[in-house]
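Below is one structure, written out as C-alpha cells; comments come after it.
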Amino acid sequence: GQQLNQSPQSMFIQEGEDVSMNCTSSSIFNTWLWYKQDPGEGPVLLIALYKAGELTSNGRLTAQFGITRKDSFLNISASIPSDVGIYFCAGPDNGSGGSNYKLTFGKGTLLTVNP
Amino acid sequence: DTAVSQTPKYLVTQMGNDKSIKCEQNLGHDTMYWYKQDSKKFLKIMFSYNNKELIINETVPNRFSPKSPDKAHLNLHINSLELGDSAVYFCASSRLGGTGEFFGPGTRLTVL
C-alpha cells in the first residue's frame with residue numbers, strides 16, 4: 001500500500017510559538033486530511049484538503065495541499081497548552097473510492113507545548 | 001451527543017480468551033471501519049463495512065471477525081486472544097466514499 005512520511009516525529013515547543021509539520025508521499029494523493037488525537041481519545045478531523053495548492057485554515061491551524069500532490073503541510077500559530085497531542089496526516093489510497101474507500105495514515109507528530 | 005461510541009473503553013483479559021468490542025454510530029453514515037493503533041501510535045485499517053457488507057479486510061488474522069447487524073453498528077469479535085493483540089482499537093464511520101472519518105473514543109485491549 002501507499003506510505004506517508006510524516007515529520008518531525010515529535011516536537012517540544014514553548015507556549016506561543018508557531019509549529020510546522022509536514023507529510024510526504026512517493027505517490028500522488030487526491031485528498032489530504034489532518035487529524036489530531038488527544039491522549040486517551042480517538043483522532044478528530046481538523047482540516048480536509050481537496051485541491052492541489054489549496055490553503056485552508058481552521059482557527060490557528062492552516063494546512064496546504066502541495067502543488068505536486070505528493071505533500072501537505074500543517075501550521076499551528078501561537079501554540080497553547082491544549083494543542084498537545086498527536087497530529088496525523090492521512091489520505092485515501094489510490095484507486096480507493098466509493099465503498100472501497102480506505103485511508104492511509106502517517107505515523108504522527110507528537111506535539112508537546114510547555115506553558 | 002455521541003457520534004461514534006464504543007464499549008468497553010478498557011478490556012483486560014487472559015491469553016486464549018474470546019472477547020467482543022461493540023461500536024455504534026448515530027451519524028447516518030453508510031460505511032464503518034475498525035482500526036488498530038499499536039504501541040507506537042501507528043494507525044492501521046483492519047476492516048471496512050458498507051451497508052452491512054464487508055468491503056475491506058486488510059490481511060487480518062481470521063481470529064478477528066467483524067459483524068454488522070445493521071449499518072449503524074459494527075462489532076468486533078476476537079477469538080483466542082494473543083499477547084500481540086494488545087493495542088487500542090478504534091471504530092470509525094464515514095459517508096460512502098469518505099472523505100474524513102469520524103472516530104470513536106477507542107477500546108484499550110490488554111492481553112495478559
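Proteins come first, then strands; the chains are lettered A, B, ... in the order of their sequence lines, and each starts at number 1.
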Counting heavy atoms not belonging to [X], are there more than 12 under 6.0 Å from its [atom1]?
X	atom1	answer
B:F47	CZ	yes
B:E53	CD	no
A:I67	CD1	no
A:Q9	CD	no

Supply the atom-to-atom distance [X] [atom1] to [Y] [atom2], rounded to the nearest 0.5 angstrom.
X	Y	atom1	atom2	result
B:Q37	A:Q37	CD	CD	4.0 Å
B:K41	A:F88	NZ	CZ	8.0 Å
B:K40	A:K107	NZ	NZ	7.5 Å

### Message
Looking only at heavy atoms and a cut-off of under 4.5 Å, which of A:G40, A:G42, A:P43, A:G108 has the most pairs with chain B?
### Response
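The option with the most such pairs is A:P43.
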Between [X] and chain A, with a heavy-atom cut-off of 4.5 Å, which part of the residue counts as in contact: side chain, backbone, both or neither?
X	result
B:K44	neither
B:Y49	neither
B:Q6	neither

### Query
Okay, side chain of B:Y33, backbone of A:L103: is any donor-acceptor separation there less than 3.5 Å?
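Answer holds: no.
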For residues 66-74 of chain B, which side-chain donor-acceptor pairs fall under 3.5 Å, sequence neighbours excluded?
from, atom 1, to, atom 2, distance (Å)
B:S68, OG, B:D70, O, 3.0
B:S68, OG, B:H73, O, 2.9
B:D70, OD1, B:A72, N, 2.9
B:D70, OD1, B:H73, N, 3.3
B:D70, OD1, B:H73, ND1, 2.7
B:D70, OD2, B:H73, ND1, 3.2
B:K71, NZ, B:D30, OD1, 2.9

#### Entry: Set of residues satisfying side chain to side chain contact (heavy atoms under 4.5 Å, CB included) with respect to A:D18, sequence neighbours excluded
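Testing A:D18 for side chain to side chain contact (heavy atoms under 4.5 Å, CB included), a comparison that skips the adjacent residues, returns A:S77.
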### Task
Sort out for me which of B:N51, B:I45, B:V4, B:L43 touches chain A most, counting heavy-atom pairs under 4.5 Å.
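With the most close heavy-atom pairs to chain A, the winner is B:L43.
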### Message
Tell me if the centroids of the rings in B:F42 and A:F105 come within less than 6.0 Å of each other.
### Response
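Ring-ring flag for B:F42/A:F105: false, centres at least 6.0 Å apart.
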